[in-house]
Amino acid sequence: GGKKTPPPDAAAAESAEAEGEQKTQKWAPVDGDRERAERDEAMREWRALDSVVSKAAAWQVEAEAALTKKETVEELERLIREGDLLAIPMDEFGWLQANLAEAREWLEQAEGLAAPTARLDEVQRLVKEYAKLNVESNKIEPLRERARAGEAWLADATALFKDSGIELGSLQLVLKSDGEERYCVCRQPDDQMRLMMACDACDVWYHIHCVGVPPAKAKLMESGSLQYICPACCRKQGTAYPFTPRCTAPPPMCLPSARRAATLLERGAAVTAVVEEAELLTKALRASCAWQAKVLPQVIAAARPCAF
């Protein structure tokens, strides 16, 4: 009836099995905690990454919108700051930086042209450049007003000289020609564009186009292989002129009066930009007044009746 002692081998097996159960009970909870911790960490990382991607996507939408319309410098700077914090390479970031650099350069130039001493052509250039930029600035409207005022004055000045009979390509060239020598049958200044040559008899210069000389013949005459005798000298010599002139008389000239030019310049004083044509017209008007001051007394003296 006493307690039986198991055989040695059976006792050892029972002891090993009990020890194994204890180890299983001891380590199983620890392994579960580690898995849960790793899973939680992975979930946090995924959420953080998802948040960054979501912010990047939202930023990208804003950036694309800013690239398709005019934005203020402050807005461009804000977008660039936020994009820099995302630390995700995106093409829009570089494009915004380029837009901001162009905007800052334009604003710097606008500041430099704020004074009324700025030239009209520079103001016009800046207004045209603004149309190409994705920047919004309150500096553009004053520039536009100045450009419009200058352009309106130029239109009036061009109309004033429309019937001047000086056939040059622009009002600026017409005004620059004031006081210059007149050439050819057309009695026009040298425009530095049309080929001219001198008559070998009278040394008067002519446009080859006006006197009808073909370019090939003009080259021979220029080299000295062939003489050129103008229509006037041919008539004097009683010989036929070998070409057909395209111009036989100067165009009618109707230059504006000094009073009209002065009135136009008075209006131009209100333009808050330097207009080169106004400077040239002022110079021409001064030369005209100086000529009048010199010649008028002589004319008056010549018109007085002689005393017997």
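The structure presented is a predicted model; accordingly, all values stated were derived computationally and were not measured.
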Got a salt bridge between R125 and E122, using NZ or NE/NH1/NH2 to carboxylate O under 4.0 Å? yes
Work out which heavy atom in C233 is nearest to a heavy atom in A201; give both atom names and the distance. SG-CB, 3.7 Å
Classify the angle between the aromatic ring planes of Y228 and Y206 as parallel (below 30°), tilted (30 to 60°) or perpendicular (above 60°). perpendicular
Scanning both residues in full, the closest heavy-atom pair of E102 with L133 reads OE1-CD2, 3.6 Å
Less than 4.0 angstrom from a charged side-chain N to a carboxylate O is my criterion; do R144 and E141 meet it? yes
Does E111 pair with K139 as a salt bridge, N-O distance under 4.0 Å? yes
I'd like to know if R148 pairs up with E151 as an ion pair, taking the criterion as any Lys NZ or Arg NE/NH1/NH2 lying under 4.0 Å from an Asp or Glu carboxylate oxygen. no
Measuring only between side-chain heavy atoms, which start at C-beta, is L120 closer than 4.5 Å to E276? no
Taking W153 for the side chain and A269 for the main chain, is one N or O donor matched with an acceptor at less than 3.5 Å? no
Could you tell me which non-hydrogen atom of L86 sits nearest to which non-hydrogen atom of A56, and how far apart they are? CD1-CA, 3.7 Å
Under a 4.0 Å threshold between the charged nitrogen and the carboxylate oxygen, would E71 count as salt-bridged to R78? no
Show the nearest heavy-atom pair for residues P215 and I208, with the distance to one decimal. CA-CD1, 4.3 Å
If I compare all heavy atoms of P251 with all of Q188, which pair ends up nearest, and what's the gap? CG-NE2, 3.6 Å
When rounded to the nearest 0.5 angstrom, what is the spacing between CZ in R119 and CG in L113? 11.5 Å
